[in-house]
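Input: a single structure, listed below in structure tokens.
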Amino acid sequence: MCGIVGIVAKSHVNQSIYDALTILQHRGQDAAGIVTWHNDKLFLRKDNGLVSDVFRTRHMKRLVGHIGIGHVRYPTAGSSSSAEAQPFYVNSPYGITLAHNGNLTNAAEVAEHLYKEDLRHINTTSDSEVLLNVFAHEMQKQGELIPTPESIFKAIARVHQRIRGGYSVVAMINGFGLVAFRDPNGIRPAVFGVREREHGKEYMVASESVALDGLGFKLVRDIAPGECIVITKEGEFFSQQCAEDPKLVPCIFEHVYFARPDSIMDGISVYKARLKMGEYLAGKIMKERPDHDIDVVIPIPDTSRTSALQLANRLGVKYREGFMKNRYIGRTFIMPGQQQRKKSVKQKLNAIALEFAGKNVLLVDDSIVRGTTCNQIIEMAREAGAKNVYFASAAPEVRYPNVYGIDMPAVEELIAHDRTVAEIETAIGADWLIYQDLEDLQRSCLNGASTEVQEFDCSVFDAQYVTGDIDEAYFERLRVARSDASKSSANSAEDVAIDLHNDQE
Ligand SMILES: O=P(O)(O)OC[C@H]1O[C@H](OP(=O)(O)OP(=O)(O)O)[C@H](O)[C@@H]1O
Ligand SMILES: NC(=O)CC[C@H](N)C(=O)O
Ligand SMILES: [Mg+2]
């Protein structure tokens with residue numbers, strides 16, 4: 001679930017893009033990159049690591065220009081090699097760079113077509129490089145020496161026809177300006193905003209509105225599904241619907257886990273949605289366990305805090321921060337390997353024994369995916385002296401792979417796969433376990449929000465894949481390519497992919 005940003009300003013954008021990427025760091029911890037444009041030249045710096053590690057002062061000084069794009073990466077395709085860090089660059093036509101959040105479901109077929117029909121070579125295993133080359137090829141076909149908004153819209157209409165999956169994209173065309181677009185189902189998020197400056201209006205596109213807030217940009221609106229927006233380097237704004245049959249079906253997992261609570265997505269406040277998740281979950285507990293003996297509600301930091309607090313309020317039970325989080329350890333779920341994820345839970349969270357000793361505790365998490373967190377946390381709660389450990393998940397059972405930009409590729413890795421709730425309860429070692437109902441999760445997000453959303457992509461819960469192209473054969477390919485076991489061998493690809501056009505010093 002990468003983070004993307006693009007800015008067209010009246011002064012140098014390097015620091016603003018850096019700041020925006022640090023705000024979006026929760027969306028990707030593996031790699032980061034920025035490209036800027038100045039005087040007919042592009043300046044790129046990208047590498048593996050957190051934003052604060054990738055950009056040193058010397059890089060920042062070289063990233064000159066009033067327009068640029070940036071990316072933080074959480075790999076969902078290809079390898080974790082630095083050669084697959086984004087933005088990607090292609091020199092023809094014009095010189096285009098691109099940053100992508102999401103995952104293409106037909107990347108393999110499109111890559112083959114690009115090679116055989118369009119005579120384009122893809123050098124990495126990243127689906128984002130495929131996406132960039134489709135865009136570049138379709139721009140080339142417009143045959144204009146200087147691109148225009150019209151030629152870009154036509155090219156994006158072709159991009160929508162050729163690729164499938166989830167994608168929010170920001171691209172920069174050398175000498176022209178910024179282009180941003182969202183997939184025809186609006187699965188992945190993207191917003192834009194403006195900031196008034198002495199010399200005129202400045203524009204920013206980002207994955208989440210929280211990045212706009214942090215930089216003093218005012219949220220204008222979400223990019224619509226299938227829509228493309230173009231901002232020239234002079235600051236002229238154009239937009240057009242480029243998809244044939246657009247429909248808004250955003251990913252519900254953004255509200256469960258990915259997005260920051262202070263973001264507004266498609267008109268929905270993530271914070272309010274999470275509060276509601278806590279309320280609905282409390283309702284279910286009161287219905288199913290009216291005689292519960294919960295002494296204290298304890299969240300599993302960070303993401304579940306908001307819903308756990310409201311759940312405790314509704315139950316009328318004490319809310320306590322029983323786990324302290326080491327603020328220097330990142331999010332464990334988005335780490336690339338199971339070994340690392342497992343090790344990080346204990347490094348990251350520590351129990352305060354007095355909140356557990358002799359008590360019946362209800363632990364609340366936003367979701368249970370592989371079960372890495374809850375398994376260890378329940379053990380820690382028992383070691384800290386809890387009498388009974390109950391567990392509540394603010395999201396329903398995650399039973400199916402995600403194919404649109406969340407790295408949940410192999411069903412065997414999901415703890416709820418092929419298990420009943422009672423079996424999961426035993427597998428994680430809880431005294432009882434309760435999950436949110438899917439209808440209640442959807443209601444939590446829609447409740448009272450002024451939004452055009454009528455349905456969500458809930459595929460990890462219900463196996464309904466909105467792009468209509470997902471079958472058993474696709475799952476099998478995904479499993480072979482992306483399961484934890486295959487990923488460790490794929491990463492040896494680091495040695496073979498050429499890291500093109502990168503300021504590595
Ligand atoms: O069942 P699992 O495979 O462990 O995945 C689910 C857990 O991972 C996430 O936490 P994470 O540490 O990534 O981030 P957070 O600090 O934002 O909660 C999520 O909030 C759950 O706690
Ligand atoms: N999480 C994402 O959005 C990933 C983008 C892209 N598929 C990559 O792996 O780099
Ligand atoms: Mg968590």
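Just so you know, ligand 1 is whichever comes first in the structure, and atom 1 is the first atom listed for that ligand.
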Relative to each other, are the rings of Phe181 and His160 parallel, tilted or perpendicular (30° and 60° limits)?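 If you compare the ring of Phe181 with that of His160, the planes turn out perpendicular.
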[X] neighbourhood, listing ligand 1 atoms whose heavy-atom distance to it stays under 4.0 Å:
| X | result |
| --- | --- |
| Ile368 | 1 (O) |
| Lys348 | 11 (P), 12 (O), 14 (O), 16 (O) |
| Ser367 | 6 (C), 21 (C) |
| Thr332 | 11 (P), 12 (O), 13 (O) |

What's the shortest heavy-atom distance between Gly6 and Val170, and which atoms?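 In this case the closest contact between Gly6 and Val170 is CA-CG2, 3.9 Å.
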Give me the nearest non-hydrogen protein atom to [atom] as residue plus atom name, then the distance to 0.1 Å.
| atom | value |
| --- | --- |
| atom 21 (C) of ligand 1 | Asp365 OD2, 3.2 Å |
| atom 3 (O) of ligand 1 | Arg370 N, 2.8 Å |
| atom 1 (N) of ligand 2 | Met1 N, 2.4 Å |
| atom 9 (C) of ligand 1 | Tyr257 CE1, 3.3 Å |
| atom 8 (O) of ligand 1 | Phe333 CB, 3.3 Å |
| atom 4 (O) of ligand 1 | Thr373 OG1, 2.5 Å |
| atom 20 (O) of ligand 1 | Asp366 OD2, 2.4 Å |
| atom 10 (O) of ligand 2 | Arg73 NE, 2.6 Å |
| atom 15 (P) of ligand 1 | Thr303 OG1, 3.4 Å |
| atom 4 (C) of ligand 2 | Cys2 SG, 2.9 Å |

I want to check something: taking the side chain as every heavy atom from C-beta on, are Leu363 and Phe356 in contact at a cut-off of under 4.5 Å?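 With C-beta onward as the side chain, the pair touches.
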Do Val130 and Leu114 have side chains that get closer than 4.5 Å, going by heavy atoms?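 Yes, close enough: below the 4.5 Å cut-off.
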Number the atoms of ligand 2 from 1 as they appear, then name those within less than 4.0 Å of a heavy atom of [X], with their elements.
| X | result |
| --- | --- |
| Pro75 | 9 (O) |
| Asp127 | 6 (C), 7 (N), 8 (C) |
| Tyr74 | 1 (N), 2 (C), 4 (C) |
| Ala77 | 9 (O) |

Answer yes when [X] and [Y] have at least one side-chain N-carboxylate O distance shorter than 4.0 Å, and no when they do not.
| X | Y | answer |
| --- | --- | --- |
| Asp302 | Lys325 | yes |
| Arg382 | Asp431 | yes |
| Asp118 | Arg162 | yes |
| Asp440 | Lys284 | no |
| Arg164 | Asp469 | yes |
| Arg419 | Glu425 | no |

Among Ala85, Gly405, Ser80, Gly102, closest by any non-hydrogen atom to atom 3 (O) of ligand 2: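 Heavy atom nearest to atom 3 (O) of ligand 2 belongs to Gly102.
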Consider ligand 1: state whether an atom of it lies below 4.0 angstrom from any non-hydrogen atom of His26.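 No heavy atom of His26 comes that close to ligand 1.
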Heteroatom proximity flag, Gln86 to ligand 2, N/O under 3.5 Å: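 Yes, there is a polar N/O contact under 3.5 Å.
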State whether the shortest distance between N or O atoms of Asn101 and N or O atoms of ligand 2 falls below 3.5 angstrom.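 The answer is yes, given that Asn101 and ligand 2 share an N or O pair closer than 3.5 Å.
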With sequence neighbours excluded, residues passing ring-ring contact (aromatic ring centres under 6.0 Å, His included) with Tyr257: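 Tyr257 satisfies ring-ring contact (aromatic ring centres under 6.0 Å, His included) with Phe333 once adjacent residues are dropped.
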Would you mind telling me if ligand 2 is within reach of the side chain of [X], the backbone, both or neither, using heavy atoms under 4.0 Å?
| X | value |
| --- | --- |
| Ser128 | side chain |
| Thr76 | both |
| Arg188 | neither |

Would one find an N or O of [X], backbone or side chain, under 3.5 Å from an N or O of ligand 1?
| X | result |
| --- | --- |
| Cys374 | no |
| Ile300 | no |
| Lys325 | no |

Answer yes or no for Lys46 and Phe88: cation-pi contact, defined as NZ/CZ to six-membered ring centre under 6.0 Å and angle to ring axis within 45°.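 Judged by the rule, Lys46 and Phe88 form a cation-pi pair.
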For Arg477, side chain to side chain contact (heavy atoms under 4.5 Å, CB included) partners two or more places apart: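 Only Glu109, Tyr474 meet the side chain to side chain contact (heavy atoms under 4.5 Å, CB included) criterion with Arg477.
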Within the distance-only criterion (no hydrogens, no angle test), does the side chain of Glu355 pair as donor or acceptor with the backbone N or O of Glu321 below 3.5 angstrom?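 Absent.
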Side-chain donor/acceptor of Asn106 to backbone N/O of Val110, under 3.5 Å: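 The answer is no, because no donor-acceptor pair under 3.5 Å joins these two groups.
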Do Glu279 and Lys276 pass the salt bridge (charged side-chain N to carboxylate O under 4.0 Å, His left out) test, and can you show the C-alpha distance, the side-chain angles, and the key distance before you say yes or no? CA-CA 5 Å; Glu279 286 181 25; Lys276 284 280 174 202; 3.4 Å; yes
